[in-house]
**Q** 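Let me begin by handing over the structure; questions about it come next.
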Amino acid sequence: MKETVTAINPRIMRLTAQSDDITAMCQQLKDEYHPLLHGKRFITDAMLSELLGVCRRTTQDYRDRGLLPYYRLDGKILYAEEDIETFLQSNYRPKFG
């Protein structure tokens, strides 16, 4: 006698959960993907403030003081990832040891 497979079957439930996980990972990749432009990758002001754990006013202060290079396109602020890395490296202070 053949087994009837329903949506509450553990194998089907496991398959559904795995497909949900794959869908979520694909969505995350889509959200985080930033294509290269002339070999550079860019992030927005909001993304930078979130990554650094500072408010957007702080990133504006960095721009105003000339500490962090940026691009302004139609009122949107963009930072090249390599410029952010340079900025962070220049402000690195090793611990006392």
Side-chain angles (χ1 to χ4, degrees):
M1 182 180 229
K2 292 194 175 200
E3 174 186 4
T4 303
V5 179
T6 64
I8 59 171
N9 182 293
R11 291 181 299 178
I12 299 300
M13 292 175 69
R14 190 171 48 252
L15 178 63
T16 302
Q18 289 172 340
S19 66
D20 289 344
D21 291 344
I22 291 169
T23 301
M25 285 188 276
C26 289
Q27 184 63 46
Q28 182 179 1
L29 285 172
K30 179 183 167 216
D31 293 343
E32 293 176 358
Y33 175 73
H34 304 289
L36 296 174
L37 180 63
H38 298 291
K40 291 185 178 184
R41 292 170 51 107
F42 298 89
I43 66 170
T44 65
D45 188 54
M47 293 167 66
L48 178 62
S49 65
E50 185 178 331
L51 285 170
L52 296 179
V54 298
C55 67
R56 292 178 73 180
R57 179 66 183 105
T58 301
T59 59
Q60 180 181 345
D61 184 51
Y62 294 159
R63 291 192 312 269
D64 293 345
R65 293 177 19 206
L67 300 174
L68 190 55
Y70 65 97
Y71 299 87
R72 182 185 305 267
L73 299 173
D74 245 359
K76 188 159 187 107
I77 303 297
L78 298 173
Y79 302 93
E81 286 183 347
E82 63 188 34
D83 292 336
I84 296 166
E85 189 172 326
T86 301
F87 170 73
L88 291 174
Q89 289 296 328
S90 68
N91 287 287
Y92 175 73
R93 303 291 182 263
K95 68 177 187 172
F96 285 119

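Keep in mind the model is a prediction, meaning the values are calculated, not measured. Values reported hereafter were calculated over all heavy atoms of this structure, with side chains retained and with hydrogens, waters and symmetry mates removed.
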**Q** Could you check Thr6 against Ile12 for side-chain contact (heavy atoms from CB on, under 4.5 Å), going step by step and ending with a plain yes or no?
**A** CA-CA 7 Å; Thr6 64; Ile12 299 300; over 6 Å; no
**Q** Quick one: pull up CZ in Arg72 and CD1 in Ile77 and give me the separation to the nearest 0.5 Å.
**A** 4.0 Å
**Q** To check you understand the geometry: which heavy-atom pair defines the closest contact between Asp64 and Arg57, and what is its length?
**A** OD2-NH1, 4.0 Å
**Q** Salt bridge (Lys or Arg N to Asp or Glu O under 4.0 Å) for Arg65 and Asp61? Distances and angles first, verdict last.
**A** CA-CA 6 Å; Arg65 293 177 19 206; Asp61 184 51; 2.8 Å; yes
**Q** In Å and rounded to the nearest 0.5 Å, what is the CZ to CD distance from Phe42 to Glu82?
**A** 8.0 Å
**Q** Before giving the answer on side-chain contact (heavy atoms from CB on, under 4.5 Å), spell out for Thr58 and Cys55 the whole-Å C-alpha distance, their side-chain angles and the decisive distance to 0.1 Å.
**A** CA-CA 5 Å; Thr58 301; Cys55 67; 3.3 Å; yes
**Q** What are the two closest non-hydrogen atoms of Ser49 and Arg56, and how far apart are they?
**A**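 Smallest interatomic distance, heavy atoms only, reads OG-CG, 3.3 Å.
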**Q** Taking the side chain as everything from C-beta on, heavy atoms only, tell me whether Leu78 gets closer than 4.5 Å to Ile43.
**A** no
**Q** Is Leu67 reachable from Leu51 through a run of I, L, V, M, F, W or Y residues, each pair having side-chain heavy atoms under 4.5 Å apart?
**A**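 Looking at the clustering, Leu67 is in the same group as Leu51.
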**Q** Under a 4.0 Å threshold between the charged nitrogen and the carboxylate oxygen, would Lys40 count as salt-bridged to Asp83?
**A** no
**Q** Angle class for the Phe87/Tyr62 ring planes (parallel below 30°, perpendicular above 60°, tilted otherwise)?
**A**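 It falls in the tilted class, 30° to 60°.
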**Q** Quick one: do the Arg41 and Tyr79 side chains pair a donor with an acceptor below 3.5 Å?
**A**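 Checked: Arg41/Tyr79 side chains show no N/O donor-acceptor pair below 3.5 Å.
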**Q** Rounded to the nearest 0.5 Å, what separates atom CG in Asp45 from atom OG1 in Thr59?
**A** 3.5 Å
